[in-house]
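Quick note: residue numbers are just sequence positions, from 1.
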Amino acid sequence: MSTAEQRRKLFDGTIKKLGLSQGHVAKWMSLKDTKQTRENVSRKVRGSVGTTAKDVALIQMLDLLSEFYELKTVKFSEDGEITHLERK
(Lines give C-alpha, C1' and ligand atoms only; values in the text may rest on other atoms or scores of the structure.)
Protein backbone atom coordinates (compact mmCIF):
# COMPACT_ATOMS: atom_id res chain seq x y z
CA MET A 1 0.00 0.00 0.00
CA SER A 2 1.36 3.39 -0.92
CA THR A 3 1.71 6.23 1.52
CA ALA A 4 0.28 9.69 1.00
CA GLU A 5 3.75 11.07 0.29
CA GLN A 6 4.53 8.32 -2.23
CA ARG A 7 1.28 9.08 -4.08
CA ARG A 8 2.01 12.81 -4.05
CA LYS A 9 5.53 12.29 -5.39
CA LEU A 10 4.32 9.97 -8.15
CA PHE A 11 1.56 12.42 -9.11
CA ASP A 12 3.90 15.42 -9.16
CA GLY A 13 6.75 13.53 -10.83
CA THR A 14 4.55 12.24 -13.62
CA ILE A 15 3.12 15.71 -14.29
CA LYS A 16 6.67 17.03 -14.61
CA LYS A 17 7.74 14.08 -16.79
CA LEU A 18 4.84 14.73 -19.16
CA GLY A 19 5.54 18.47 -19.25
CA LEU A 20 1.94 19.29 -18.39
CA SER A 21 0.86 22.51 -16.77
CA GLN A 22 -1.51 22.40 -13.83
CA GLY A 23 -4.13 23.74 -16.23
CA HIS A 24 -3.69 20.77 -18.54
CA VAL A 25 -3.96 18.35 -15.62
CA ALA A 26 -7.02 20.23 -14.33
CA LYS A 27 -8.64 19.83 -17.72
CA TRP A 28 -8.12 16.05 -17.62
CA MET A 29 -9.27 15.78 -14.00
CA SER A 30 -12.20 18.20 -14.06
CA LEU A 31 -12.96 18.61 -17.78
CA LYS A 32 -12.16 22.31 -17.56
CA ASP A 33 -9.25 24.63 -16.88
CA THR A 34 -10.37 27.28 -14.41
CA LYS A 35 -8.68 29.03 -11.51
CA GLN A 36 -10.47 26.70 -9.09
CA THR A 37 -9.57 23.47 -10.92
CA ARG A 38 -5.92 24.57 -11.28
CA GLU A 39 -5.85 25.34 -7.55
CA ASN A 40 -7.18 21.84 -6.81
CA VAL A 41 -4.26 20.35 -8.76
CA SER A 42 -1.80 22.75 -7.13
CA ARG A 43 -2.95 21.73 -3.66
CA LYS A 44 -2.37 18.06 -4.52
CA VAL A 45 1.10 18.81 -5.90
CA ARG A 46 2.03 20.81 -2.78
CA GLY A 47 0.61 18.18 -0.45
CA SER A 48 -1.95 20.56 1.07
CA VAL A 49 -4.62 17.96 0.31
CA GLY A 50 -4.21 14.27 -0.22
CA THR A 51 -3.46 12.70 -3.57
CA THR A 52 -5.82 9.78 -3.93
CA ALA A 53 -5.25 6.44 -5.60
CA LYS A 54 -7.67 7.65 -8.32
CA ASP A 55 -5.48 10.72 -8.93
CA VAL A 56 -2.45 8.49 -9.34
CA ALA A 57 -4.31 6.08 -11.61
CA LEU A 58 -5.43 8.95 -13.84
CA ILE A 59 -1.96 10.46 -14.14
CA GLN A 60 -0.47 7.04 -14.87
CA MET A 61 -3.06 6.47 -17.62
CA LEU A 62 -2.14 9.86 -19.06
CA ASP A 63 1.48 8.72 -19.07
CA LEU A 64 0.49 5.70 -21.15
CA LEU A 65 -1.69 7.78 -23.49
CA SER A 66 1.12 10.27 -24.01
CA GLU A 67 3.00 7.65 -26.01
CA PHE A 68 0.43 7.99 -28.81
CA TYR A 69 -1.46 11.26 -28.20
CA GLU A 70 -0.73 14.94 -27.64
CA LEU A 71 -2.38 15.29 -24.24
CA LYS A 72 -2.45 19.08 -24.39
CA THR A 73 -4.82 18.99 -27.38
CA VAL A 74 -7.76 17.39 -25.57
CA LYS A 75 -11.19 18.98 -25.81
CA PHE A 76 -14.30 17.79 -24.01
CA SER A 77 -17.99 18.18 -24.79
CA GLU A 78 -20.39 19.61 -22.20
CA ASP A 79 -21.13 15.99 -21.24
CA GLY A 80 -17.48 15.10 -20.71
CA GLU A 81 -16.96 13.18 -23.93
CA ILE A 82 -13.56 13.59 -25.57
CA THR A 83 -14.28 15.41 -28.81
CA HIS A 84 -10.71 16.09 -29.91
CA LEU A 85 -7.32 14.52 -29.16
CA GLU A 86 -4.50 14.68 -31.67
CA ARG A 87 -2.28 11.71 -32.41
CA LYS A 88 1.49 12.13 -32.31
Backbone N or O of [Y] within a donor-acceptor pair of the [X] side chain at under 3.5 Å?
X	Y	answer
S77	E81	yes
T73	E86	yes
R8	V45	yes

| said: If you count heavy atoms of other groups shown closer than 6.0 angstrom to CD of E67, is the number above 12? | reply: no
Do the non-hydrogen side-chain atoms of [X] and [Y] ever get within less than 4.5 Å of each other?
X	Y	answer
I82	F76	yes
T52	R7	no
K16	D12	yes
K72	L20	yes
V74	Y69	no
D63	K17	yes

| remark: All heavy atoms of L18 vs all of S66, minimum pair found to be CD2-OG, 3.3 Å
| Can you name the one residue among V41, L62, N40 that meets side chain to side chain contact (heavy atoms under 4.5 Å, CB included) with M29? | V41
| Result of checking L65, D55, L10 against Q60 for side chain to side chain contact (heavy atoms under 4.5 Å, CB included) | L10
[X] side, atom [atom1]; [Y] side, atom [atom2] - distance, nearest 0.5 Å:
X	Y	atom1	atom2	result
I15	H24	CD1	NE2	12.0 Å
F11	L58	CZ	CG	7.5 Å
E39	Q22	CD	CD	8.0 Å
T51	E5	OG1	CD	8.5 Å

| task | Please test S42 against R46 for side chain to side chain donor-acceptor pair (under 3.5 Å), starting from the C-alpha separation and ending with a verdict. | result | CA-CA 6 Å; S42 177; R46 291 190 317 260; 2.6 Å; yes
